[in-house]
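Structure first, then comments.
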Amino acid sequence: MTVLDHPAAQTWPPDAHAPRRDPAPLLPDAEPVRILGTPALGGLDPELLRELYRRLVAGRRYNQQATTLTKQGSLAVYPSSTGQEACQVAAATALRPTDWLFPSYRDTLAVVSRGVDPVEALTLLRGNAHSGYDPYQHRVAPLSTPLATQAPHAVGLAHAARLRGDDTVALALVGDGGTSEGDFHEALNFAGVLNAPVVFLVQNNGYAISVPLAKQSVAPTLAHKAVGYGIQGRLVDGNDAAAMHTVLTEAVAHARSGQGPVLVEAVTYRLEAHTNADDAGRYRTPDEVAAWQRHDPLPLLERELRALGLLGDEEVAQAAAEAEALAARMRAMFHVKPELDPMSLFTHVYAEPTPQLREQAAQLAAELAAEAEAQQEAAAR
Amino acid sequence: MTTLAPPATATMAQALNTALRDSLRADPTVHVLGEDVGTLGGVFRITDGLAAEFGADRCLDTPLAEAGILGTAVGMAMYGLRPVVEMQFDAFAYPAFEQLVSHVARMRNRTAGRMPLPITIRIPYGGGIGGVEHHSDSSEAYYAHTPGLHVVTPGTVGDAYGLLRAAIASDDPVVFLEPKRLYWSKADFTPDAPVPTLGKAVVRRPLSPGGGSPATLLTYGPSLPLCLEAAEAARAEGWDLSVVDLRSLVPFDDETVFEAVRATGRAVVVHESAGFAGVGAEIAARVSERCFHHLAAPVLRVTGFDIPYPPPMLERHHLPSVDRILDAVARLQWEQ
């Protein structure tokens, strides 16, 4: 008698070990989903496509203006999403107003696309506040600086919404580097186990600061990471705005209908450096950048829409004018220096300040009063 | 003629269980989550029966991943729920440390008060139960050093109930440290006693007039019964010790502490976590800064050694003892 003949082997696996799904439907697409240049493009709403184009143009101008503001000293730092605008824009257009967006630090364009004022979206990077916007107004969580730590928040919020009977979906944005973090994996696992209506969008832009994807993961694709957690993985061309919008919209609908979470990997490229403080020339070649510039999401969409007759010189000029107006508004808003009250340092640490904080607040108030008095005396002299 | 019902007796574990049950009953937004909290009722049975009464959604068995548990609780709190997280053992909470210090402690501040996180993080902590490595850490200093968190630890059965109710009702995150060696301590217990305010210390043993040379023991959580025992033993040595139970490390009740120390001029801080850069150092510094002219001797500390928590067969040498407290009290005869 072998072990396989033993009666216990006949009932293997026992119930406690017998969840599991067929992995085949969870596997990501063999190639990134593309819609531009395919017959599927004709099936999309022309007005949606024109809207995506306008938003891409505005997004590109937004990135350029924000980078310029760092050179002028109006922004402390800016991690550009130039080249990734299709992902950022689709992250907003795929959601309903009642859904939630969980952005990371490179996702200010997604935040602005959701309706948040550009200045408020950039307060963290400007250095005057950690989060300038009210998360509940547009249902956008504060920008998360620690990588992937916002992913479990998205799971918890989606879970709570479902418990309360709401059909809210949460969308968490993570970079390729973020997929190496433990919180990313815990979030995927929790989402699967709780069947939480959450979508994870990985913007795979090729580099975690300077470390290329090859040193980050040897998975077939990042989307494959979904399968081990029993959730669906999708692979999409992140520079194809039509594909991004379509795949994310499908993922959100999948999650909303209770079929489970989805992990979407958008294959894209960071055309600029990690931030204005980074020197990308140290770790990548001009040839590589040039190759991706030929796959820039903006001309890609423009060419297709012109070919279909959905876009003409007039619409292109109008989109450029709208983008220029946004940039002008940003310059005007950033020209005004924010007035910061030092006493606000103590206001929101706790609902009620501790006795120790009250003492420290009194100390700062006294220092400020002495400073003001010294200034008055200096002015009088 | 009315007869008073005799007060019921309960263990600290039962008092905590009652506090969770009463909180779940009182407020439908309260949700308990953690590893083993459901069917098993927690490894210490603190959540016993809650899943049966309130359902698996309100007492949720989660996957085994502390960052995931606390991170999920953050999202739940963002959506208006009031999560109560169980961390199972002190050193098991460290994987969630990033969520705690990078998000839980900061979200109210980050959003200028728009997104408070009313999360209670229950952590059974401390030694004295013969636990193997990672089951006996006293991690209060890590949490007390992080602005934005309340840090609370009960030393009595009554406080276990009252402080946990208060922690769950708080609109701010509370790290609720449960002294696991006191889980089976018993006392009279009336759950309808007034809920204490977080941030108030209490004098557990006042001075008795003519009771001997006075001094003050400052302590909390697992070391409270030890200090009361030491105070009793000190009477034979001619010392009259008052014992202050801090109850809340953040916020810290300076006034009760300063008043008690000024009354005696001598103080010993007692806790079982490592002394170096520990909570006792902060307390000694505060007392020295504010009570200097009332002090007849330096503020002393009786703490665990500055070592990783030792294996069970050696832990009695590490932990503060009555003898060690009495030795410190003897050393307070600075000027005499």
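Residue numbers begin at 1 in each chain, while the letters A, B, ... track the order of the sequences.
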Side chain, backbone, both or neither of Arg58(B) within contact of chain A (heavy atoms, under 4.5 Å): neither
Check whether any side-chain heavy atom of Pro135(A) lies under 4.5 Å from a side-chain heavy atom of Met78(B), and answer yes or no. no
Tell me which of these, His348(A), Glu186(A), His159(A), Gln150(A), has more heavy-atom pairs under 4.5 Å with chain B than the rest. His348(A)
Between CZ on residue Arg110(B) and OG on residue Ser144(A), distance to nearest 0.5 Å: 6.5 Å
So which part of Glu359(A) gets closer than 4.5 Å to some heavy atom of chain B, the side chain, the backbone, both or neither? side chain
With chain B as the partner, which of Ala196(A), Ala141(A), Pro152(A) has the greatest number of non-hydrogen pairs under 4.5 Å? Pro152(A)
Please classify the contact between Leu357(A) and chain B as side chain, backbone, both or neither, with a heavy-atom cut-off of under 4.5 Å. neither
Please look at Leu60(B) and chain A and tell me whether the side chain, the backbone, both or neither of the residue comes under 4.5 angstrom of a heavy atom of that chain. side chain
Any side-chain heavy atom of His153(A) within less than 4.5 Å of one from Gln99(B)? yes
Between Arg114(B) and Gly132(A), which heavy-atom pair has the shortest distance, and what is it? NH1-O, 3.8 Å
Toward chain B, the part of Thr145(A) with a non-hydrogen atom under 4.5 Å: neither
Heavy-atom cut-off 4.5 Å, strictly under: side chain, backbone, both or neither for Ala65(B) against chain A? both
State, yes or no, whether a side-chain contact exists between Leu163(A) and Tyr79(B) at a heavy-atom distance under 4.5 Å. no
Applying a strict 4.5 Å limit to non-hydrogen atoms, the region of Thr149(A) in contact with chain B is both
Kindly check if the number of other-residue, nucleotide or ligand heavy atoms within 6.0 Å of NE2 (His224(A)) is above 12? yes
Stepwise, does the side chain to side chain contact (heavy atoms under 4.5 Å, CB included) test hold for Val250(B) with Gln356(A)? CA-CA 9 Å; Val250(B) 183; Gln356(A) 292 73 33; over 6 Å; no
Contacting region of Ala161(A) [heavy-atom separation from chain B under 4.5 Å]: both
Chain A contacts, top residue of Asp254(B), Asp253(B), Asp171(B) (heavy-atom pairs, under 4.5 Å): Asp254(B)
Measuring from atom OG1 of Thr354(A) to atom CG of Leu198(B), what distance do you get when rounded to the nearest 0.5 angstrom? 12.5 Å
Among Leu345(A), Asp166(A), Thr347(A), the residue with the most heavy-atom pairs under 4.5 Å to chain B is Asp166(A)
Taken to the nearest 0.5 Å, the spacing of Asn109(B) CG from Ser344(A) OG works out to 9.0 Å
Which distance, rounded to the nearest 0.5 Å, do you find between the OG of Ser170(B) and the CD of Glu352(A)? 10.5 Å
Whatever's closer than 4.5 Å to a heavy atom in chain B on Ala187(A) counts as neither
Heavy-atom contact with chain B under 4.5 Å, split by part of Asp134(A): both
Chain A: which of Ala73(B), Gly199(B), Pro116(B), Gly80(B) shares the most heavy-atom pairs with it under 4.5 Å? Gly80(B)
Heavy-atom pairs under 4.5 Å with chain A: which of Ala77(B), Ala67(B), Pro251(B), Pro63(B) has the most? Pro63(B)
Any side-chain to backbone donor/acceptor pair from Tyr350(A) onto Leu149(B)? Under 3.5 Å, distance only. yes
Considering only heavy atoms from C-beta outward, does the side chain of Leu81(B) approach that of Arg164(A) to under 4.5 Å? yes
Chain A heavy atoms under 4.5 Å from His31(B): which part of the residue, side chain, backbone, both or neither? side chain
So for atom OH, which belongs to Tyr142(B), do other residues, nucleotides or ligands contribute more than 12 heavy atoms lying within a distance under 6.0 Å? no
Could you look at Phe102(A) and say if it's the side chain, the backbone, both or neither that has a heavy atom under 4.5 Å from chain B? side chain
Give, as side chain, backbone, both or neither, the part of Val349(A) having an atom under 4.5 angstrom from any heavy atom of chain B. both
In terms of heavy-atom contacts, Gly156(A) and Met76(B) come closest through O-CG, 3.4 Å
Close side-chain approach of Tyr136(A) to Met115(B), heavy-atom, < 4.5 Å: yes
